[in-house]
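Each remark here refers to the structure printed beneath this line.
Since we're looking at a predicted model, the values are computed, not measured. Counting begins at 1 with the first residue of the sequence.
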Amino acid sequence: MTDLQTIEEMLEKCLPASDEGYGLLSEAMRYSVLGGGKRLRAIMLIESFRLFSDDRELEKYTAHPFACAIECIHGYSLVHDDLPAMDNDEFRRGALTTHKRYGHAMGILTGDALLNYSMEIVTRAGEELEQNKPDYYMDNMRNFMHAARILFTKAGAFGMIGGQVLDVEGFGDDSRSDREKLEEMCELKTSRLFQAALCCGAVLAGADETAVSLFDDIGRIMGLAFQIRDDILDVTASFAETGKDTGSDAKNNKSTFVSVFGLDRAREYVGELYEELKTMLGKLPGDKSAFETIFDKLFSL
Ligand code: GRG
């Protein structure tokens, strides 16, 4: 499996140097992205690429920059999610949240900069592919553009940001059950980025539509299981285990899978989704051990 060290080095190299640019912005960008994190999305993007291609040169020019870009997007979403206008959290990854460390305005600007930087990384990678590997460029540009669209759409207004709007603003006049509403929000807010990671990797490697669509389903279920697990940890785990403020959902009066289902049923539900994920993985080709390890670690509660 892609090791954490490799991802850290890639991110380290790809982010602007601390003393570059204006004020403390580059330093705050590095603080927000490099300060720990499981790198799940980057690892899954690269692993889904490897399931369909063993071309390490193509991986370097396409999957690696996309992996950095998705971690920047994930980093920005956490920075903004922690802001006083949203969850108002003080700790993340065992350290002060970005706005607590650099101030509210810089929290907003750092998130903005990271989102924009993700697009800089992807577009720069496209140019580098054209300049350094013109034959690869001709063969792979279509997949590259398709992956870029997937990434930015899944993270956007009709994806992750849309989910955050539902989280912050609620559902208005909507007669569906709490469970249906919660699942819709979670599929947008949490699943979309996992789907982006899995689908981008597969598309960049030239996987066919059936495989990409299966990965889309896997990402959807994974996000659901991940969010339920996060809701469970919010009431059961300590700061030492999560590195962030626990009890945050109750503090913000949020409807969660634990408040809707109760703790036992929420745990059971994660187990059911975990089984579903393993069955879906079985339908993909090749060595899926990296995904099996990730799912075991996350979901065998
Ligand atoms: C602000 C537009 C905008 C979106 C925010 C991601 C998100 C949407 C909100 C985070 C809320 C939250 C805590 C959801 C639970 C799932 C989640 C994304 C947890 C954090 O992801 P990890 O555990 O983080 O992969 P690390 O630190 O390991 O990178």
Side-chain angles (χ1 to χ4, degrees), residues 40-41 70 73-90 92 97 99 104 107-108 111-112 115 149-199 213 216-237 242 244-274 276-277 298-299:
L40 279 175
R41 294 151 193 83
I70 204 167
I73 293 176
H74 172 57
Y76 116 77
S77 79
L78 298 179
V79 170
H80 278 186
D81 188 60
D82 291 334
L83 284 169
M86 302 219 197
D87 280 0
N88 195 18
D89 283 322
E90 289 188 17
R92 163 83 57 192
T97 47
H99 72 272
H104 295 180
I108 296 169
D112 293 343
L115 173 58
R149 187 183 62 73
I150 291 175
L151 177 59
F152 297 122
T153 308
K154 298 248 188 228
F158 302 95
M160 181 182 74
I161 300 176
Q164 187 74 354
V165 170
L166 292 177
D167 194 12
V168 172
E169 298 286 317
F171 283 73
D173 190 14
D174 187 330
S175 58
R176 285 178 302 162
S177 69
D178 285 348
R179 173 182 175 160
E180 281 174 301
K181 289 189 272 193
L182 201 54
E183 291 197 354
E184 183 190 9
M185 179 178 80
C186 161
E187 284 189 14
L188 290 162
K189 192 178 83 158
T190 312
S191 296
R192 290 296 180 261
L193 226 46
F194 287 125
Q195 291 173 300
L198 294 167
C199 295
S213 152
D216 202 49
D217 281 343
I218 292 177
R220 185 175 58 77
I221 302 292
M222 184 186 171
L224 206 52
F226 194 79
Q227 183 66 59
I228 302 170
R229 172 186 171 269
D230 198 72
D231 291 351
I232 294 171
L233 292 177
D234 195 60
V235 294
T236 59
T242 63
K244 60 180 185 170
D245 310 81
T246 50
S248 172
D249 297 329
K251 175 189 82 184
N252 292 314
N253 251 328
K254 276 197 179 169
S255 162
T256 70
F257 285 97
V258 172
S259 71
V260 169
F261 287 126
L263 197 51
D264 289 345
R265 177 65 196 126
R267 280 204 179 103
E268 227 174 71
Y269 196 15
V270 174
E272 287 162 17
L273 296 170
Y274 175 43
E276 211 177 315
L277 283 170
L298 291 175
F299 305 132

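Expressed to the nearest 0.5 Å, how far CD1 of Ile108 lies from NE2 of His80 amounts to 6.5 Å. Between the CG atom of Leu182 and the CZ atom of Phe257 there is a distance of 4.0 Å, given to the nearest 0.5 Å. Of the inter-residue distances, the one linking Leu151 atom CG with Leu193 atom CG reads 7.0 Å to the nearest 0.5 angstrom. Interatomic distance, CG of Leu188 versus CD of Gln164, reported as 11.0 Å (0.5 Å rounding). To the nearest 0.5 Å, the span separating CE on Met160 from OH on Tyr76 amounts to 4.0 Å. Taking CZ of Phe194 as the start and CE of Met222 as the end, the distance is 4.0 Å to the nearest 0.5 Å.
Scored by the salt bridge (charged side-chain N to carboxylate O under 4.0 Å, His left out) test, Lys189 finds Asp167 as partners (sequence neighbours excluded). With sequence neighbours excluded, the residues that form a salt bridge (charged side-chain N to carboxylate O under 4.0 Å, His left out) with Glu268 are Arg265. Tyr274 pairs by the ring-ring contact (aromatic ring centres under 6.0 Å, His included) definition with nothing, not counting sequence neighbours. Remark: Asp231 pairs with no residue by the salt bridge (charged side-chain N to carboxylate O under 4.0 Å, His left out) rule, at least two apart or across chains. Arg179 meets the salt bridge (charged side-chain N to carboxylate O under 4.0 Å, His left out) test with Glu183; sequence neighbours excluded.
Screening Asp230, Leu233, Asp234 for a side chain to side chain contact (heavy atoms under 4.5 Å, CB included) involving Lys244 leaves a single residue, Asp230.
For the residue pair Ala225 and Val270, the shortest heavy atom distance occurs at O-CG2, 4.1 Å. Considering all non-hydrogen atoms of both residues, Ile161 and Ala155 come closest at CG1-O, 3.3 Å.
Between the side chain of Arg192 and the backbone N or O of Glu187, at least one donor-acceptor pair lies under 3.5 Å. Judged by distance alone, the side chain of Arg229 and the main-chain N or O of Leu298 form a donor-acceptor pair under 3.5 Å. With Ser259 contributing its side chain and Ser255 its backbone, the two residues share no donor-acceptor pair below 3.5 Å.
In this structure, Val79 and Thr97 have side chains that are not in contact, with every pair of non-hydrogen atoms separated by 4.5 Å or more.
Note on residues 150-162: pairs passing salt bridge (Lys or Arg N to Asp or Glu O under 4.0 Å), not counting sequence neighbours, are Lys154-Asp216.
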